[in-house]
Amino acid sequence: MRIFDPHIHMTSRTTDDYERMAAAGVRALVEPAFWLGQPRTSVGSFTDYFDALVGWEPYRASLFGIRHHATIALNPKEANDPRCREVLGVLPRYLEKDGVVAVGEVGYDSMTPEEDEVFAAQLALAIEHDLPALVHTPHRDKARGTARTLDVVRESGLEPGRVAVDHLNEVTVGAVAESGCWMGFSIYPETKMTAERMVHILREYGLERMLVNSAADWGRSDPLLTVRTGEAMLAAGFTDDDVDRVLWRNPVEFYGQSKRLDLSDVDAADSFAGNSIRRGGS
Ligand SMILES: [Zn+2]
C-alpha cells in the first residue's frame, strides 16, 4: 500500500512518527500551514514558520524517504487577530515557491466578518498564482459553515475542481459532492471521523474527488489512520486498486494541478528509508 497523506501537520509530530509512517507505506504528504497553538503576535513568526514548511520539514521528511510538500496561508483562527493581517502581504512570495502546492488552510473558524474577508482574499490569491485551494471547515456549526464556505468558493470564481473542502462528515459531504469540489476527510482516533465511517461514505458517494488524511494536529491524532482506512476498505471488499486510487492517485491528481508536485524517486523510498534511518541515528 502506497500512501499520500494530503493533510498532515508534521510540525506537531516526532521523528518516531516519520519513521512509523515510512515503514507503513507513507511515501508523500502535504503539510498545510495552520495555527501553532500559541497565538503569534507578528508577521516574523509566520515567515519563520513558512520557511520551516518549505525548508526544515521537507529535509526531516527526506531522511525517511518521504516527499514533503506544503500549502501556505493565513489560517482562519488567526485571521481574527489584526496583528496577523500583515501576513497576507508576504503570501505572494511563498506562493511562488517550488514545494508549495496550494493555498491553505483557508476557510472558517468562527465565521466572523474578518474571516470572510481573509478567506475571499486568499481564494483570489489562489487564482492569481494558479494554485488549488485547501479549505478548512469549522468544527462547530458544521452544516452552516460548510454551506457558507461553498457560497464563498462559488463567488470567488475559482473552479470547483481546484478546491478541496476538508474535515467533512456524513452531514456535510452531500453538499460538497454536489458542488464539484474535492471532498476531504480527516480521520481521528475517537472523534469526528473514523476509518469505518469513512468506508461507508466511500460506498455511498464513490471514490471520485475523495481525499483521506490523518490531519495529525495538536489534538489526539494518529498519523497512520490513512493506512488503517486502506485496511478497512480492503476488509469491506474494496480492491487494492480502489485503495491506491483514494490514498495515492486522488491526492496526486488534486495537488498535481499546481504543476509542482515532485514525486521523482519516491519508488526508491524503501531502500532509501532504511539507509536514512541508520544515518539519522548516528
Ligand atoms: Zn489542518
Side-chain angles (χ1 to χ4, degrees), residues 3-14 17-18 21 26 28-40 46 49-50 52-54 57-58 61 66 68-80 84 87 91 94 99-111 115 118-119 122-123 126 131-142 145-146 149 153 163-169 172-173 176 181-194 198 210-226 229 247 250-251 254-255 258:
I3 310 281
F4 186 133
D5 194 325
H7 184 151
I8 181 164
H9 299 291
M10 295 311 297
T11 298
S12 68
R13 314 311 297 183
T14 64
D17 287 324
Y18 270 121
M21 288 162 67
V26 180
L29 59 86
V30 168
E31 176 161 8
F34 83 145
W35 179 63
L36 283 186
Q38 179 68 31
R40 283 168 280 198
F46 282 86
Y49 170 58
F50 295 157
L53 288 183
V54 298
E57 281 301 334
I66 296 176
H68 181 292
H69 301 84
T71 76
I72 297 285
L74 171 57
N75 64 84
K77 204 179 180 82
E78 289 178 298
N80 292 299
C84 302
V87 172
L91 292 178
Y94 286 95
V100 176
V101 292
V103 173
E105 305 179 49
V106 294
Y108 287 118
D109 180 54
S110 310
M111 290 189 272
E115 290 173 29
V118 170
F119 184 13
Q122 296 190 100
L123 291 179
L131 286 173
L134 176 65
V135 181
H136 164 103
T137 52
H139 296 298
R140 301 171 300 270
D141 208 356
K142 226 172 168 57
T146 304
T149 296
V153 168
V163 178
V165 183
D166 216 330
H167 312 311
L168 299 179
N169 61 20
T172 53
V173 58
V176 181
C181 294
W182 287 70
M183 293 155 273
F185 297 85
S186 301
I187 315 298
Y188 287 94
E190 51 208 8
T191 55
K192 297 171 190 163
M193 179 55 61
T194 65
M198 189 65 230
M210 288 289 185
L211 299 169
V212 173
N213 65 71
S214 63
D217 47 38
W218 300 110
R220 280 201 70 219
S221 43
D222 177 350
L224 298 187
L225 288 180
T226 46
T229 302
L247 296 178
N250 278 359
F254 177 70
Y255 288 115
S258 69

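We count ligands from 1, going down the list as the structure has it; atoms in each ligand are counted the same way.
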Apply side-chain hydrogen bond (donor to acceptor under 3.5 Å, both in side chains) to residues Asp166 and Asn213 and explain how you reach the verdict. CA-CA 9 Å; Asp166 216 330; Asn213 65 71; 3.2 Å; yes
Quick check on the Zn ion (ligand 1): does [X] put an N/O/S atom closer than 2.8 Å to it?
| X | answer |
| --- | --- |
| His9 | yes |
| His7 | yes |
| Asp166 | no |

Donor-acceptor contact present, side-chain Glu57 to main-chain Leu53, <3.5 Å: no
Any side-chain to backbone donor/acceptor pair from Thr11 onto His9? Under 3.5 Å, distance only. no
Ser186 and His167: side chain donor to acceptor below 3.5 Å: yes
In Glu105, the N, O or S atom nearest to the Zn ion (ligand 1) is which? OE2
